[in-house]
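For reference, the structure discussed in these notes is given below.
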Amino acid sequence: MTNKEFAEYLFPDVKDISYYENLYKKRDLIDKAIVTRYAPSPTGSIHMGNLFQAFMAKQFARQSGGVLFLRVEDTDHKREVENGIDSIITDVESFGIIFDEGYKKGGEYGPYLQSDRKEIYKSYVKYLVSKGLAYPCFCTTDEINNNRSIQEDNKERIGYYGKWATCRNLPIEVAKKKIDDKMSYIFRLKSQGDFNKKHIYYDAIKGNLEYPENDMDIVILKSDNLPTYHFAHAIDDHLMKTTHVIRGDEWVSSLPIHLELFTLLGFDIPQYAHLAPLLKKDKDIVRKLSKRKDPEASVKYYHQLGFPIEVIKLYLSTVGNTNFEEWYLANPNKKIEDFTFSFDKMAVGGTMFDLSKLENISKTYFSIQKPSDIFKDALIYFKEYDKEFANILENNEDYTKKLLNIEKEVERPRKDISTYSDIKLEFWYMYDELFDTISNPYDNVIKKYNSDELNILSAYINNIYLETDNEEMWFSKLKEYALQVKYAVNRKDYKEHPENYRGQISDFCEMIRVMVTTKTISPNLYDIMQLLGSDKLKKRLKIFIVLQ
RNA sequence: GGUCUGUUGGUGAAGUGGUUAACACGCCCCCCUCUCAAGGUGGUAUUCACGGGUUCAAGCCCCGUACAGACUACCA
């Protein structure tokens, strides 16, 4: 029996590969257009690493006038999670990553669900068998495990290759007999590689990668008739006309396998771009951000904290291209999409996930947003995570917008919130609904004031402060009064003769601020007092004095 | 054990053989202003994991060591 006859015997009703080769036409795109894909497996919700990959894939496809498609790699039913695919699509799309074609959306290069492509894979396995480049393997898990422990003991390379590949040279007749006897089997690649031969592959991100030829007879078709990742990758990316494979760098070590597969199948090899992982410092150990161990790996975590989607995108861009941050700082009014990403500006090693950096980016982002936009998005956020505060916001829409507008229309806008939840955390005292329900709002005030100081404060609020004063008037009155009660109104005077003063004007202002806001940090004091109004100030003053 | 990759300040990093090792975050000092924040000035790496080598010249090239990461499944 020849290889060709054996292939026919194994796959009697399968189409010839020429059918598929002709079915999927060359894509009609401009020169240098990048065709790439996001290819998740439906094993749960998306995490930062996935999002990063999808985001970069999108950027490269868009900026080159190419195509981005979604392929679902559902060849492992054991690990599958219910609704896994839908939640991934929703998550990714919420970041503005919209696919040109793919699962659910359709397209001319489908199906885009690997489990719908079984027939295609079979055709190519049949082709390889007919060429003598693939064979059925009857080894049991026990046999493989056994070989493995022998290999470990002898300190030999682990795997199914060379003399360990016992089914590789099984005569066709013997194999056929086993199949007729209903023995279970899988298909393996009959590797033609020589482990001692080295080659160099140029990775778009990592540069030149030196690797030995693959000599492992890897599994290509599993006993459930589904392909392994390696095989599906080669077939799919070939038929879908992918030009660039953008994926995590956990795949670099499989590169020799993929390169051999493409070569033996007679396919053009795509350009690979292996993305460095997002890292985390755990105690003193640096490791890959783990979906299972690290809450901050999940995208949802940032939603919950209240980071805007745009901020996450800015952060990923910063991580993505080392020159992005500089560009963005120089062009604050441009959109991320205006930046041209390049592979050679991507990190080769891993990137530490830096929360304080994220916060900083976010503060700057909030500082340039319009109050009405912040209000709108914050409301969406609180409706999901804090309904009570969402109601308060809705009942105080104009008031909140005014609050968010403080020190906004100036050259250097304030930077005091980095998340939507900060609005509550930083400004809760502005809402009587919250202030009045707390038994001691001044619980966290460390500094205590004596009766002299309280009298001064009291006199100021009751007799000096006038709601109708403009800011200039407000401050000159404040200064005049402060001086009267022995607060230094300029730094030099105080430094020269601290003994002559009760403190500096800043101390006086701090006392007012603490009384009004319970905090030592707040937006412009004048504006805060204006917004609250005289009556509330007097009310708070009484509470403050009692609780001191 | 094997294969591949990486290692620049507190952090993220620029840097691909040639003056004082960019920039950003953080931290500290000071300044400014009518308070806080913001902002501004300056300081934060005698040196690029370590040891050799090549070169007139090395963070950048070569070799070795250490450490770290990825992979080494009928998982992706």
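Naming: A, B, ... by sequence-line order, numbering from 1 per chain.
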Sugar-phosphate, base or nothing in reach of A:Val219, heavy atoms under 4.0 Å: sugar-phosphate

Report yes if some heavy atom in the side chain of A:Ser41 is under 4.5 Å from a heavy atom in the side chain of A:Thr75; otherwise report no. no

Choosing from B:C75, B:G2, B:U5, which nucleotide comes nearest the side chain of A:Lys222? B:C75

Sequence neighbours left out, what passes ring pair (Phe, Tyr, Trp, His ring centres under 6.0 Å) with A:His47? Give chain and number order. none

Taking the side chain from A:Glu407 and the backbone from A:Asn524, do they hold a donor-acceptor pair closer than 3.5 Å? yes

Separation of B:C74 atom P from A:Leu226 atom CG, nearest Å, is 15 Å

For A:Lys345, report the nucleic acid contact type (base, sugar-phosphate, nothing); a contact means any heavy atom under 4.0 Å. sugar-phosphate

Give one of base, sugar-phosphate or nothing for A:Glu152, where a contact means two heavy atoms less than 4.0 Å apart. nothing

Sugar-phosphate, base or nothing in reach of A:Lys415, heavy atoms under 4.0 Å: sugar-phosphate

Would you mind classifying the nucleic acid contact of A:Ser522 as base, sugar-phosphate or nothing, using non-hydrogen atoms under 4.0 angstrom? base

Over all strands shown, is A:Arg247 touching base, sugar-phosphate only, or nothing at heavy-atom distances under 4.0 angstrom? nothing

Please give, in whole Å, the distance from B:C4 P to A:Tyr211 OH? 12 Å

Closest contact, heavy atoms only, A:Val245 versus A:Pro270: CG2-CG, 3.8 Å

Side-chain atoms of A:Arg157 come closest, of B:U35, B:A76, B:G2, to B:G2

Indicate, with a heavy-atom threshold strictly under 4.0 Å, whether A:Ser223 touches base, sugar-phosphate, or nothing. base

Here the distance between atom P of B:U3 and atom NE2 of A:His258, to the nearest Å, is 20 Å

Calculate the interatomic distance between A:Gln504 atom CD and B:U35 atom C1'; express it in whole Å. 11 Å

Consider the side chain of A:Pro212, meaning its heavy atoms from C-beta on, and name the nucleotide among B:U3, B:G26, B:G1 that approaches it most closely. B:U3

My understanding is that a pair needs two contacts under 3.5 Å, Watson-Crick or G-U wobble. By that rule, which nucleotide pairs with B:A22? none

Any strand is fair game: report the nucleotide pairing with B:C71 by Watson-Crick or G-U wobble, both distances under 3.5 Å, or none. B:G2

For B:C30, which nucleotide in any strand shown is its Watson-Crick or wobble partner with both distances under 3.5 Å? B:G40

Strictly by modelled atom types, are A:Ser362 and A:Glu359 linked by a side-chain donor-acceptor pair under 3.5 Å? no

What does A:Gln151 touch in the nucleic acid at a heavy-atom separation under 4.0 angstrom: a base, only the sugar-phosphate, or nothing? nothing

If the C1' atom of B:C28 is compared with that of B:G51, how far apart are they to the nearest Å? 36 Å

A:Ile205 CD1 to B:U5 P, straight-line distance once rounded to whole Å: 16 Å

Using a cut-off of less than 4.0 Å, is there contact between a side-chain N or O of A:Arg513 and OP1 or OP2 of B:A37? no

Any strand is fair game: report the nucleotide pairing with B:U65 by Watson-Crick or G-U wobble, both distances under 3.5 Å, or none. B:A49

With a 6.0 Å cut-off on the ring centroids, do A:Tyr185 and A:Phe138 count as close? yes

Can you tell me the pairing partner of B:G9 across any strand shown, Watson-Crick or G-U wobble, with both distances under 3.5 angstrom? none

When you get a sec, tell me which of B:U72, B:U35, B:G2 is the closest nucleotide to the side chain of A:Ser506? B:U35

Taking atom P in both B:U41 and B:C48, what distance in whole Å separates the two? 30 Å

Using the C1' atoms only, state how far B:C32 lies from B:G40, rounded to an integer number of Å. 7 Å

Selection from B:A76, B:A37, B:U5 that lies nearest to any side-chain heavy atom of A:Glu407: B:A37

Nearest-Å distance for atom pair CZ/P, residues A:Phe366 and B:A38: 17 Å

Across all chains, not counting sequence neighbours, the side-chain contact (heavy atoms from CB on, under 4.5 Å) partners of A:Asp153 are none

Does any N or O donor sit under 3.5 Å from an N or O acceptor when you compare the side chain of A:Asp507 with the base of B:U35? no

Using a 4.0 Å heavy-atom cut-off, does A:Tyr526 contact any base of the nucleic acid, only the sugar-phosphate backbone, or nothing at all? nothing

Mind calculating the distance between CE (A:Met346) and P (B:G6) to the nearest angstrom? 16 Å

Check the distance between B:G69's P and A:Trp251's CH2 and give it to me in whole angstrom. 20 Å

When you compare the side chain of A:Phe341 with that of A:Ile336, does any pair of heavy atoms fall below 4.5 Å? yes

A:Ile521, nearest nucleotide to its side chain (from B:U3, B:C36, B:A76): B:C36

Considering only atom C1', compute the distance from B:G26 to B:G10 and round it to an integer number of Å. 7 Å

Sticking with atom C1', work out how far B:A22 lies from B:G59, rounded to a whole angstrom. 14 Å

Would you indicate what A:Lys155 reaches in the nucleic acid, counting non-hydrogen atoms under 4.0 angstrom: base, sugar-phosphate, or nothing? sugar-phosphate

If I pick the C1' atom on B:A68 and the same atom on B:C50, what distance separates them, to the nearest angstrom? 15 Å

Listed nucleotide nearest any side-chain atom of A:Phe475, set B:C75, B:U35, B:C34: B:C34

Under 3.5 Å donor-acceptor pair, A:Glu250 side-chain atoms to B:C75 base atoms: no

Check: B:C4 base within 3.5 Å donor-acceptor of A:Ser253 side chain: no

Out of B:A76, B:A73, B:U35, which nucleotide sits closest to the side chain of A:His230? B:A76

Suppose you measure atom P in B:A73 against the same atom in B:U3; what distance do you get, rounded to whole Å? 16 Å

Quick one: on RNA chain B, does A:Pro256 or A:Ile505 contact a more 5' nucleotide (nearest heavy atom)? A:Pro256

What distance, rounded to whole Å, do you find between the two P atoms, one in B:A24 and one in B:G43? 13 Å

For A:Tyr272 and A:Asp249, does a side-chain donor sit closer than 3.5 Å to a side-chain acceptor? no

Return the 5'-most residue of the pair A:Arg188, A:Lys198 with respect to RNA chain B, ranking by each residue's nearest nucleotide. A:Lys198

How would you label the contact of A:Thr75 with the nucleic acid (heavy atoms, under 4.0 Å): base, sugar-phosphate, or nothing? sugar-phosphate

